[in-house]
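Below you'll find the structure, written out as structure tokens, and then a few comments.
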There are 2 protein chains.
Amino acid sequence: MDSIDLRLIELLRENARSSYAELARKVGLSAPAVHERVGKLEAAGTIQGYRAEVDHEALGLGVTALIGIIEDSGADTDDVLAALRAMPEVESCYFMAGVESYQLTVRVGTIAELEQLIVRINRTPGVASTRTAIALSTKWENRPQPHLG
Amino acid sequence: MDSIDLRLIELLRENARSSYAELARKVGLSAPAVHERVGKLEAAGTIQGYRAEVDHEALGLGVTALIGIIEDSGADTDDVLAALRAMPEVESCYFMAGVESYQLTVRVGTIAELEQLIVRINRTPGVASTRTAIALSTKWENRPQPHLG
DNA sequence: GGCGGAGGTCGATGGAGTCCATGGTGAAGA
DNA sequence: TCTTCACCATGGACTCCATCGACCTCCGCC
């Protein structure tokens with residue numbers, strides 16, 4: 001993990017579809033060298049995958065909300081997590097410090113669907129209560145953080 | 001925007017580095033046809049970009065936190081936004097319904113850096129107060145939502 | 001000094017990306 | 001019903017890329 005690796009990661013965070021040849025030109029190595037470095041970063045888990053960023057609104061998922069979850073005192077955390085994972089609307093899930101054990105980012109098409117989702121989460125065994133905040137607009141998301149080193 | 005477009009988007013959300021030939025095989029079209037469809041999805045803004053997903057911990061950004069911001073009554077929203085955008089640690093920013101105008105996802109290396117970041121945000125003109133919750137662990141993030149149609 | 005390994009370049013080749021001409025299909029209008 | 005038009009898939013051709021093997025270089029270590 002040297003500065004060239006960091007540069008490659010930065011380039012791939014900006015455009016994951018860059019060709020190896022293009023990456024090679026930008027970091028000043030040959031294409032096979034870049035290929036091997038990227039392969040090792042993937043194998044090490046430093047690069048976990050490559051995702052297309054989409055306009056959720058254009059795909060009918062225009063409603064974004066953040067949901068905090070307070071667990072029952074006797075809740076089985078694994079069961080709650082499994083139930084949440086089974087809901088495709090739940091895009092991200094963090095286990096938090098504080099009263100609310102989980103913080104979710106969810107995406108649905110309509111407010112009615114959001115209501116149904118909240119009801120479903122509240123009905124999940126182990127969930128004591130939820131707190132939902134609706135995003136009126138997304139200023140930016142998943143902005144790649146430039147490397148300082 | 002038909003079912004093949006949706007399938008292409010789904011495939012690219014799973015692996016943005018798939019070759020056009022591979023995509024073509026999976027959707028049952030020729031590579032040039034896929035190339036043109038993807039190009040149009042990009043031009044229309046439906047596909048906004050391609051990002052490598054990284055292990056933030058491996059890159060020295062192991063601390064994730066969610067920060068809610070309450071604005072001053074007389075705050076200039078654009079100024080606040082510009083100040084937040086200038087902070088590279090702020091990965092995502094939503095404009096919210098509710099008391100807290102903004103909800104941020106931030107990533108830093110250490111708790112000390114988080115503290116400094118919070119101080120900096122609180123000092124920003126227009127920001128009345130903040131509320132920070134630290135993520136102890138990330139269960140999952142940016143999970144691509146399968147298309148139902 | 002000699003050895004071994006990590007990681008680089010170079011060259012070759014098979015396959016992918018991409019442009020273009022062609023032909024088929026579906027909708028709108030006479 | 002027939003025509004026309006627009007759109008899109010196909011298949012071929014050409015360029016460029018991905019990827020493999022061979023060899024080279026630099027270091028650290030015996």
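Each chain gets a letter, A, B and so on, in the order the sequences are listed, and its residues count up from 1. Hydrogens, waters and symmetry mates are skipped; everything else that's a heavy atom, side chains included, is used.
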Near DNA chain C, counting only heavy atoms under 4.0 Å, which residues of residues 33-44 of chain A show up?
A:Ala33, A:Arg37, A:Lys40
Neighbour count above 12 (heavy atom, 6.0 Å) for B:Glu115 CD:
no
Each residue besides B:Met96 in its hydrophobic cluster should be listed here, by chain and number; the cluster joins Ile, Leu, Val, Met, Phe, Trp and Tyr at side-chain heavy-atom distances under 4.5 Å.
A:Leu66, B:Tyr94
Any chance you could lay out the side chain to side chain contact (heavy atoms under 4.5 Å, CB included) test for B:Glu100 and B:Ile69, step after step, and finish with the verdict?
CA-CA 5 Å; B:Glu100 297 176 349; B:Ile69 295 184; 6.0 Å; no
Hey, what are the protein-to-nucleotides 21-27 of chain D N/O distances that come in under 3.5 Å?
none

Determine the contact category for A:Ser19: base if any of its heavy atoms lies under 4.0 Å from a base atom, sugar-phosphate if only primed atoms, P, OP1 or OP2 are that close, otherwise nothing.
sugar-phosphate
Nearest 0.5 Å, please: how far is OH in B:Tyr102 from OG in A:Ser137?
8.0 Å
Mutual orientation of the aromatic rings belonging to A:His35 and A:Tyr20 [parallel < 30°, tilted 30-60°, perpendicular > 60°]
perpendicular
Under a 4.5 Å cut-off applied to non-hydrogen side-chain atoms, are B:Arg120 and B:Glu89 in contact?
yes
The correct set of residues in residues 21-28 of chain A placing a heavy atom under 4.0 Å from DNA chain C is none
Using atom CG of A:Leu29 as one end and atom C1' of D:dA18 as the other, report the distance to the nearest whole Å.
16 Å
Could you give the distance from CZ (A:Arg7) to CG (A:Asp2), rounded to the nearest 0.5 Å?
12.5 Å
Can you confirm whether B:Glu42 is buried at CD, in the sense that more than 12 heavy atoms of other residues, nucleotides or ligands lie under 6.0 Å from that atom?
yes
To the nearest 0.5 Å, how far apart are CG in A:Leu8 and CG in A:Leu41?
7.0 Å
Span of DNA chain C engaged by chain B, first through last nucleotide within the 4.0 Å heavy-atom cut-off, is C:dA16 to C:dC19
Verify side chain to side chain contact (heavy atoms under 4.5 Å, CB included) between A:Phe95 and A:Leu81, making sure each step is shown before the conclusion.
CA-CA 10 Å; A:Phe95 184 62; A:Leu81 264 182; over 6 Å; no
For B:Gln48, enumerate each residue passing the side-chain contact (heavy atoms from CB on, under 4.5 Å) test, keeping only those at least two apart in sequence or located in another chain.
A:Glu53, A:Asp55
Whole angstrom is fine here: how far is it from CZ in B:Arg17 over to P in D:dA18?
7 Å
Check: A:Thr132 side chain, A:Ile67 main-chain N or O, donor-acceptor pair, under 3.5 Å:
no
Within 6.0 Å of CD in B:Glu57, more than 12 heavy atoms from elsewhere:
no
So, is B:Ser30 close to the D:dA9 phosphate, meaning a side-chain N or O under 4.0 Å from OP1 or OP2?
no
